[in-house]
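Please read these numbers as outputs of a predicted model, since none were measured by experiment. In what follows, residues are counted from 1 in the order of the sequence shown.
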Amino acid sequence: MELFDLALIWAFIIGFGVIMYVLMDGFDLGVGILFPFAPDDESRDVMMNSVAPVWDGNETWLVLGGAGLLAAFPMVYSILLPALYIGVFLMLAGLIFRGVAFEFRFKANTSRYLWNWAFAGGSTVAAFAQGVVVGAYIEGFETANGVYVGGALDWLTPFTVLTGLGLLAGYSLLGATWLVLKTEGELQQWARRLVIPLLVAVLVVFAIISIWTPFVDPFVRDRWFNHITLIWVFPAFGLFCAWQIFRATRRHKDGMPFVATMGLFISTYLGLIVSKWPYVVPPDYTLWDASSAYGSQLFLLLGLLFVIPVVLGYTAWTYWVFRGKVRAGEGYH
């Protein structure tokens, strides 16, 4: 028996990277989803400026999680990528379109409307694709001898479409609460009016998925309903966060709706993890089945232990430098 269970350590690191990406890139994807509905073009400038200093750093967590997943759990790549090629391609294409729009929109004149749609469309496609991937993970994958044997479109089902729409609503809620935190005046009031309707949409989709999931996966049903356990604290905490979003929005608080929305995402994310634990390729392969050699994991872990503090440090510094409200006529570009 090895001194440390490196598979567990890697699972924690990758899980941490994923939730950091979801929280930090989620709000700027949400801003992009809301982009076409903004009151005017000046408001769109402020919306984009509110995320322009941090969006590319936020995506570092996606790279970190993806690289760590390949290094520590190669079986996950060998199964999930063939199963999700189209969904992953759509996500990456959306992120590319959004990234290019950041660089070109402020410099364009006659073609600015095209970059508006690139920013909004890229954000929407990327968010929906991420939600579909989550839904496919919940449903599980058809495998045989460690190889994916399903079809190219098995990931596209009514359930995964619902999870895709749910993540669109969730990211929109993150984006709206971010704008409440970072803007003022008419744009802030517009964003505040969106928060409660978006919260209702998120809760409705969450309720439908919660009812539907036990019928999709008997393993999840057994884990949640065979006996009452501490995992029920996660939905309870999620409902508490939803109440805080509602109350803080009604009281015209600036910061609490965003913090509580992050709490809502964390509770949902943890609930998903405990529902599937310890399967990383459901329904057949655990994280120990999918892990790479112990020596390989240890070698890569030593390097990553230096990288993570650096990423955390410059991320915190960036948010500190660009703290405060973003106003019209001011910005990163």
Side-chain angles (χ1 to χ4, degrees), residues 14-38 44 47-70 76-77 80-108 111-137 155-156 160-161 163-176 178-179 262 265 269 307 311 314-315 318-319 322 332-333:
I14 294 169
F16 176 74
V18 170
I19 190 59
M20 288 293 289
Y21 170 75
V22 168
L23 293 176
M24 302 181 74
D25 206 38
F27 68 78
D28 59 63
L29 283 171
V31 169
I33 295 167
L34 298 175
F35 206 65
F37 311 104
R44 294 186 184 94
M47 291 169 69
M48 186 170 274
N49 275 324
S50 73
V51 296
V54 297
W55 74 272
D56 44 357
N58 292 343
E59 291 191 346
T60 302
W61 295 103
L62 179 64
V63 177
L64 182 64
L69 188 66
L70 175 60
V76 176
Y77 263 78
L80 264 62
L81 277 185
L84 301 170
Y85 268 138
I86 299 176
V88 172
F89 170 79
L90 289 174
M91 180 189 74
L92 294 177
L95 293 176
I96 290 170
F97 269 91
R98 185 184 63 139
V100 173
F102 267 109
E103 303 304 325
F104 283 89
R105 181 183 177 275
F106 286 99
K107 299 175 178 63
S111 63
R112 173 171 285 203
Y113 73 97
L114 294 175
W115 297 116
N116 286 344
W117 283 110
F119 181 61
S123 300
T124 302
V125 169
F128 180 75
Q130 289 177 19
V132 169
V133 168
V134 172
Y137 173 77
W155 55 272
L156 188 60
T160 62
V161 169
T163 56
L165 294 175
L167 199 60
L168 277 176
Y171 280 170
S172 297
L173 178 61
L174 264 177
W178 170 259
L179 292 174
M262 289 196 294
F265 266 80
Y269 178 73
V307 172
V311 176
Y314 78 64
T315 299
T318 301
Y319 278 87
F322 292 100
Y332 177 67
H333 283 84

More than 12 non-hydrogen atoms from neighbouring residues, nucleotides or ligands closer than 6.0 Å to CZ on Phe104, yes or no? no
How many angstroms lie between CZ in Phe128 and OG1 in Thr160, if you round to the nearest 0.5 Å? 7.0 Å
Approximate separation, where rounding is to 0.5 Å, of Ile33 CD1 and Leu167 CG: 7.5 Å
Please state whether the rings of Tyr171 and Phe265 are parallel, tilted or perpendicular, taking 30° and 60° as the class boundaries. parallel
Please work out whether the ring planes of Tyr319 and Trp178 are parallel, tilted or perpendicular, with thresholds of 30° and 60°. perpendicular
For the residue pair Phe35 and Phe119, does the interplanar ring angle fall in the parallel (under 30°), tilted (30 to 60°) or perpendicular (over 60°) class? perpendicular
Taking atom OH of Tyr21 as the centre, does the number of heavy atoms from other residues, nucleotides or ligands within less than 6.0 Å exceed 12? yes
Please indicate whether Tyr113 has more than 12 foreign heavy atoms, meaning atoms of other residues, nucleotides or ligands, lying under 6.0 Å from its OH. no
State the CZ-CG distance between Arg44 and Asn49, to the nearest 0.5 angstrom. 14.0 Å
Could you tell me whether the side chain of Val125 reaches within less than 4.5 Å of the side chain of Phe97, counting heavy atoms only? no
Look up atom CE in Met20 and atom OG1 in Thr315, then write down how far apart they are to the nearest 0.5 Å. 6.0 Å
Name the one of Val22, Ile19, Leu23 that satisfies side chain to side chain contact (heavy atoms under 4.5 Å, CB included) with Met262? Leu23
Specify the closest pair of heavy atoms between Ala101 and Trp115, including all atoms of both residues, with the distance to one decimal. CB-O, 3.6 Å
Distance (rounded to the nearest 0.5 Å) between Asp28 CG and Ser123 OG: 7.0 Å
Closest heavy-atom pair and its distance - Tyr269, Gly15: OH-O, 2.7 Å
Closest non-hydrogen contact found for Thr124 with Leu168 is O-CD2, 3.5 Å
Donor-acceptor pair, side chain of Thr318 and main chain of Val54, under 3.5 angstrom: no
Look at atom OH of Tyr314 and say whether more than 12 heavy atoms of other residues, nucleotides or ligands are closer to it than 6.0 Å. yes
Taking the side chain as C-beta and beyond, is there a heavy-atom pair between Met47 and Leu34 under 4.5 Å? yes
Find out whether Leu95 and Asp25 are in side-chain contact, i.e. whether some heavy atom of one side chain is under 4.5 Å from a heavy atom of the other. yes
Nearest 0.5 Å please: distance from the CG atom of Leu29 over to the CD atom of Gln130. 6.0 Å
Could you check whether any side-chain N or O of Thr163 sits under 3.5 Å from a backbone N or O of Gly131, counting only pairs where one atom can act as donor and the other as acceptor? yes
